[in-house]
Amino acid sequence: MIVRTRFAPSPTGFLHIGGARTALFSWAYAKKYHGKFILRIEDTDVERSTPAAVQAIMDGMQWLGLDYDEGPFYQMQRMDTYKKVLQTMLDAGTAYYCYCSKEELEILRESQMQQGLKPRYDRRWRPEAGKSLPSIPHNISPVVRFKNPQTGVVTWDDLVKGRIEIANAEMDDLIIARADGTPTYNFCVVVDDWEMGITQVIRGDDHVNNTPRQINMLNALGATIPQYAHLSMILGDDGQKLSKRHGAVSVMQYHDDGYLPEAVLNYLARLGWSHGDAEIFNMQQFCEWFDLDHITPSAAQFNTEKLNWLNAHYIKEANIDELASDIAIRLAKTGVEVKLQPKLQDVLGLYRERANNLNQLARDIAYFYALPQANVVDVEKYITDDILPQLITLKKKLADFDWGRDDGGAVDVGMLISNMVRDSNNLTYPKIAMPLRVMLTGTTQSPNIDAVMRILGKTETLARMEKYLNQKKQ
RNA sequence: GUCCCCAUCGUCUAGAGGCCUAGGACACCUCCCUUUCACGGAGGCGACCGGGGUUCGAAUCCCCGUGGGGACGCCA
């Protein structure tokens, strides 16, 4: 049988990290078994669903490269199907009308809670042989309830958590269609999973308690029961539950925050799943290795440090041209326009090894394209009066020197400085390199200063030195 | 409250009764490389929630605690 998995978000917000991981695992499972991955939008909550959220979810999936084979299917466009199935259940007596008002149910719930009971519908409208039902009120339009079995146990072998058993006595007759006739979540899921031939339902473990109800309905419909895999949740960096109020962000936020999708994907894959000691792997390897029995059943805490480490790895590995166009956009956002010289690829070649974040990388190299503003403290500390003559000498030497083309290479500027240090008896390399750093990069930390100079080019190097040396002379 | 689930270094995890003196990764610390800072390399620190069983033998199986989480909607 061909594997068919699905990702079924409700479009009430962006795609967050937990949803992304659920989608990733469903996607990978389908890929591994050469099956189909289906996207289904569960938008039956008309109040909260928005087209913008649908778009946000699809944007997130696209950024991560989680492509789907079928869909997106929208539940709101499948009403006819649901109503048809609903009618067959009504006809078969596996569902029935209930005329309780919301207020009545509220009162019932509260009194049960007070008695320390699990709040449940008391089946007052459930038709039973020999039972007389209340008389139908005319001012209330009924909901439809599923006639859940009252005895026995629902059991399934969860692909992540193992065998789970829940007694039917714990369940009540859930509402499957609202008073306005629209079907509810548990019912739509059942119909869809059935009709779409879903073979493995991979979803968050907040659905564990829905599973036995869904299995009961599937049975009532004579449908095949899919396998279930319930993924544990992802906790925030602080070990707290993620919520709109606390820490839950869109996966797209990771893009904005300077992360590569490869890093996020690799990180998410490794969060709750493992393949021996493997830490770094691409999605092709992941799809080959992925299996449901190496998923941890316990909740996992998000760790930004490790994500950063993976991000550093993928920045090193990235295609240099793609990296350059990404960085150019990030620089533009901070008001820095990349020029033709120095070539951004060359600059990145010098800097990518040390970066673990794209935004930071962009900030670090901005000085190649926009004049840096050095810190006053650094200027005073390193561009001192006693080093000034040496700097002036160096500048002269650099000016007289043939740098070859501006892209460097032919002539070793570093050698020129080394020679100068060697020929002097009171000069050390750092003593001259640090003020150069401040003048050229505006900071005290950079790659080898001669490498920076070569990429910056002769003209620009001299101009930046000139600026400080003039200042000092006054 | 009731039901369900979970429990190995700070964090992510390996672990299917003897390969465990509990392995790897991130973070942290030390050293090396580096005439700055990173990168990189080599080491180090660091965990089986508690108590009972079962067994020749338990991180692993069972029970009870404890702790954490989830679910109990005309939300999904």
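Per chain, numbering begins at 1; letters A, B, ... match sequence-line order.
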### Task
Among U13(B), A76(B), C26(B), find the nucleotide with the atom closest to the side chain of Ser10(A).
A76(B)

### Query
What do the steps show when you test Tyr314(A) against Tyr259(A) for ring pair (Phe, Tyr, Trp, His ring centres under 6.0 Å), and what is the final call?
CA-CA 9 Å; Tyr314(A) 286 103; Tyr259(A) 293 95; over 10 Å; no

#### Entry: Residue closer to the 5' end of RNA chain B, Gly162(A) versus Gln115(A) (nearest nucleotide)
Gln115(A)

### Query
NA contact type, Ser232(A), heavy-atom cut-off 4.0 Å: base, sugar-phosphate, or nothing?
nothing

### Task
Using the P atom as the reference point in each nucleotide, state the distance between G24(B) and U66(B) in Å, no decimals.
36 Å

### Query
When we call it a touch if two heavy atoms are under 4.0 Å apart, what does Asn210(A) touch: a base, just sugar-phosphate, or nothing?
base

### Message
Tell me whether Arg145(A) forms a cation-pi arrangement with Tyr121(A), defined as NZ or CZ under 6.0 Å from the six-membered ring centre and within 45 degrees of its axis.
### Response
yes

### Among C12(B), C3(B), A76(B), the nucleotide that comes nearest once only the side chain of Lys118(A) is considered
C3(B)

### Query
Arg109(A) near the nucleic acid: base, sugar-phosphate alone, or nothing, with a heavy-atom cut-off under 4.0 Å?
sugar-phosphate

### Message
So Pro447(A), base contact, sugar-phosphate only, or nothing? Heavy-atom distance under 4.0 Å.
### Response
base

### Message
Considering every strand and a 4.0 Å limit on heavy-atom distances, what is the contact class for Val143(A): base, sugar-phosphate, or nothing?
### Response
base

### Task
Pick base, sugar-phosphate or nothing for Lys102(A), based on heavy-atom distances below 4.0 Å to the nucleic acid.
base

### Nearest listed nucleotide, side chain of Arg48(A), among C4(B), C75(B), A25(B)
C75(B)

## Note on the structure
Ranking C3(B), A27(B), C74(B) by distance to the side chain of Ala179(A), first place goes to C74(B)

### Task
Would you mind checking if Arg78(A) and Glu195(A) are paired as a salt bridge, meaning a charged N to carboxylate O distance below 4.0 Å?
yes

### Message
Students often get this wrong, so: under 4.0 angstrom with heavy atoms, is Asp180(A) touching a base, only sugar-phosphate, or nothing?
### Response
nothing

### Task
Answer with base, sugar-phosphate or nothing: what part of the nucleic acid does Met233(A) contact at a heavy-atom distance below 4.0 Å?
sugar-phosphate

### Query
Among the nucleotides C3(B), C74(B), C26(B), which one has an atom lying closest to any side-chain atom of Leu105(A)?
C74(B)

### Query
Are any side-chain N or O atoms of Asn266(A) and backbone N or O atoms of Glu279(A), one a donor and one an acceptor, separated by less than 3.5 Å?
yes

### Query
Under 4.0 angstrom, heavy atoms only, what part of the nucleic acid is Thr44(A) near: base, sugar-phosphate, or nothing?
sugar-phosphate

### Summary
Atom CG of Asp238(A) and atom P of G69(B) are separated, to the nearest Å, by 12 Å

### Query
Touch check for Ala433(A), heavy atoms < 4.0 angstrom, all strands: base, sugar-phosphate only, or nothing?
nothing

### Message
Please determine whether ring pair (Phe, Tyr, Trp, His ring centres under 6.0 Å) holds for the pair Phe286(A) and Trp273(A), giving the CA-CA distance in whole Å, both sets of side-chain angles, and the decisive distance to 0.1 Å.
### Response
CA-CA 10 Å; Phe286(A) 178 55; Trp273(A) 175 84; 5.0 Å; yes

### Query
Given the P atoms of A25(B) and C33(B), what is the spacing between them in whole Å?
23 Å

### Query
Reckon Pro430(A) touches a base, only the sugar-phosphate, or nothing at all at heavy-atom distances under 4.0 Å?
base

## Note on the structure
On RNA chain B, more 5' by nearest nucleotide between Met113(A) and Arg120(A) is Met113(A)

### Message
Let's see if you can work this out: which of C6(B), U35(B), A76(B) has an atom nearest to the side-chain heavy atoms of His207(A)?
### Response
A76(B)

### Query
Does Arg178(A) make a side-chain N or O approach to OP1 or OP2 of A76(B) shorter than 4.0 Å?
yes

### Query
Counting side-chain heavy atoms from C-beta on, which of U35(B), A25(B), A76(B) comes nearest to Trp309(A)?
A25(B)

### Message
Any residue in residues 265-276 of chain A with a heavy atom nearer than 4.0 angstrom to RNA chain B? Just list them by number, or reply none.
### Response
Arg270(A), Leu271(A), Gly272(A), Ser274(A)

### Query
Touch check for Lys431(A), heavy atoms < 4.0 angstrom, all strands: base, sugar-phosphate only, or nothing?
nothing

### Query
What do the steps show when you test Phe146(A) against Phe187(A) for ring pair (Phe, Tyr, Trp, His ring centres under 6.0 Å), and what is the final call?
CA-CA 9 Å; Phe146(A) 172 63; Phe187(A) 178 71; 9.1 Å; no

### Query
So what's C49(B) paired with, Watson-Crick or G-U wobble, going by both distances under 3.5 Å?
G65(B)

### Message
Give me the distance, rounded to whole Å, that separates U60(B) from G52(B) when you measure between the P atoms they each carry.
### Response
14 Å

### Task
From the options C6(B), A76(B), C4(B), select the nucleotide whose nearest atom is closest to the side chain of Pro297(A).
C6(B)

### Task
Name the nucleic acid region contacted by Cys100(A), choosing base, sugar-phosphate or nothing; use a 4.0 angstrom heavy-atom cut-off, strictly under.
base

### Query
On a whole-Å scale, what distance lies between the C1' atoms belonging to G51(B) and G41(B)?
46 Å

### Query
Hey, does Gln301(A) reach any base, or is it just sugar-phosphate, or nothing, if we go heavy atoms under 4.0 Å?
sugar-phosphate

